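Written out below as structure tokens is the structure these notes cover.
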Number of protein chains: 2
Amino acid sequence: MARAQTLSRNQQIVLDIIEKAKGPLKAYSILFNVQKKGINAPQQIYRALDKLIGMGKIHKIESKNAFVACRSSDCEISKATAFSICESCEMVDEISDTKLSKYLSGFNHKKGMKFKRFNLEFFGICKKCKKD
Amino acid sequence: MARAQTLSRNQQIVLDIIEKAKGPLKAYSILFNVQKKGINAPQQIYRALDKLIGMGKIHKIESKNAFVACRSSDCEISKATAFSICESCEMVDEISDTKLSKYLSGFNHKKGMKFKRFNLEFFGICKKCKKD
DNA sequence: TCAAATATGTTATATTATAACAAACGTTAT
DNA sequence: ATAACGTTTGTTATAATATAACATATTTGA
Ligand SMILES: [Zn+2]
Ligand SMILES: [Zn+2]
Ligand SMILES: [Zn+2]
Ligand SMILES: [Zn+2]
């Protein structure tokens, strides 16, 4: 049974770093940031990342091979994720839109496939970057 | 100006392999498949892949780091992609659903971001795998 | 308390992707 | 034709991302 709340030492360290970050973090950049805390090997990072993803604490931005903290509180199991990604500054924002989520969760493929999960990534230029 | 139709030698070789494949192909698997045709280096594959993606001839399945041929005919510029992915057999099917595409193309973020492009990946177990 | 499950540490290696540079090729304008 | 330009190719090297495998330690719960 998956422990819903308690995080192990390494999981907590990795989560802390991701939560403090302003944008998505890459695995090796996390690694470099925690070497002072005694974590030395990629495995340790990837193991923590896997568990945190499983718990819905973080999400992987597939198009960037990077990780962000979940801000949605209601996506404990991350089976319906949507992100807004700025192609200029790399900012990532988790989209929490009930209508969108319902629409996509109810979408079923003509070919008879029933979906369990989806991930949606929107790309554009964010407000901040547009001004420059 | 991007040549809309003519493919270079390597681009054609890579596209042929991807189109003949039943499922998504990985870059290095493409490479191993074309070494008999005189292509020896990853760069040659990745360059062709980049161009083919730019032309909308193929798409990258971000969650798998793999490539599929476009079957939609109408996505010359691939700015609105959606896929159905079986978590058991790895089958990938491009979803071509006008309503879905319109819904998502019209979706705009509360925070004032105007989207230029999206990629949606649905996951589940396909019909064929369910029978087993 | 003791077995099972989970987490850690560590070394090595696999997989995916890009950098950098030189040479060849295809177009088009003179 | 030929010079100039952009695109494609070939090639070597290396960077970045991710997993395998194995030994040990810690936590959990019957
Ligand atoms: Zn979330
Ligand atoms: Zn931006
Ligand atoms: Zn397509
Ligand atoms: Zn299947």
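The shown structure was predicted, so the numbers you read here are calculated from the model rather than taken from an experiment. Order of the sequence lines sets the chain letters (A, B, ...), proteins ahead of strands, with each chain counted from 1.
Using bins of under 30°, 30° to 60° and over 60° for the plane-to-plane angle, the ring pair B:F122/A:F107 lands in the parallel bin.
The side chain of B:Y46 contributes an N or O atom lying less than 4.0 Å from OP1 or OP2 of C:dA17. Distances shorter than 4.0 Å separate some side-chain N or O of A:K60 from OP1 or OP2 on D:dA18. For the pair A:N65 and D:dA18, the criterion of a side-chain N or O lying under 4.0 Å from OP1 or OP2 is met. When the side-chain nitrogen and oxygen atoms of B:K26 are compared with OP1 and OP2 of C:dA14, none of them lie within a distance under 4.0 Å.
In this structure, CD1 of B:I30 is placed 15 Å from P of C:dT15, rounded to the nearest angstrom. Protein atom NZ of A:K64 is 15 Å distant from nucleotide atom C1' of C:dA17, rounded to whole Å. Atom CD1 in B:I39 sits about 11 Å away from atom C1' in D:dG10, given to the nearest Å. In this structure, B:L7 atom CG and C:dG26 atom P are separated by 15 Å, rounded to whole Å. What separates CE of B:M55 from P of D:dT7 is a distance of 11 Å, to the nearest Å. Atom-to-atom, CZ of B:F67 to C1' of C:dT15 comes out at 13 Å; the value is rounded to the nearest Å. The CD1 atom of A:I45 sits 14 Å away from the C1' atom of C:dA7 (whole-angstrom rounding). Summarising the geometry, the separation between CG on B:D50 and P on C:dA17 is reported as 10 Å, rounded to the nearest angstrom.
Between the side chain of A:E94 and the main chain of A:R71, a donor-acceptor pair closer than 3.5 Å is present.
In this structure, B:F115 is a member of the same hydrophobic cluster as B:L120, with clusters built from ILVMFWY side-chain heavy atoms closer than 4.5 Å. One hydrophobic cluster, built from ILVMFWY side chains closer than 4.5 Å, cannot hold both A:I85 and B:M113; they sit in different ones.
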Pairs under 3.5 angstrom, nitrogen or oxygen only, protein versus nucleotides 11-15 of chain D, please.
residue: D:dT11; atom: OP2; partner: B:N40; partner atom: ND2; Å: 3.2

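Position along DNA chain C of the nearest nucleotide to B:S29 versus A:A48 favours A:A48 as the more 5'-ward residue.
Closest approach to the A:S8 side chain among D:dT9, C:dA7, C:dA17 is made by C:dA7 (side chain taken as heavy atoms from C-beta onward).
Between the side chains of B:S63 and B:E121, at least one donor-acceptor pair of N or O atoms lies under 3.5 Å. With 3.5 Å as the limit, one finds a donor-acceptor pair spanning the side chains of A:Q12 and A:D16.
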- Task: Run the numbers on B:Y103 and A:Y103 for ring pair (Phe, Tyr, Trp, His ring centres under 6.0 Å), then give the verdict.
- Result: CA-CA 9 Å; B:Y103 181 84; A:Y103 181 84; 3.9 Å; yes
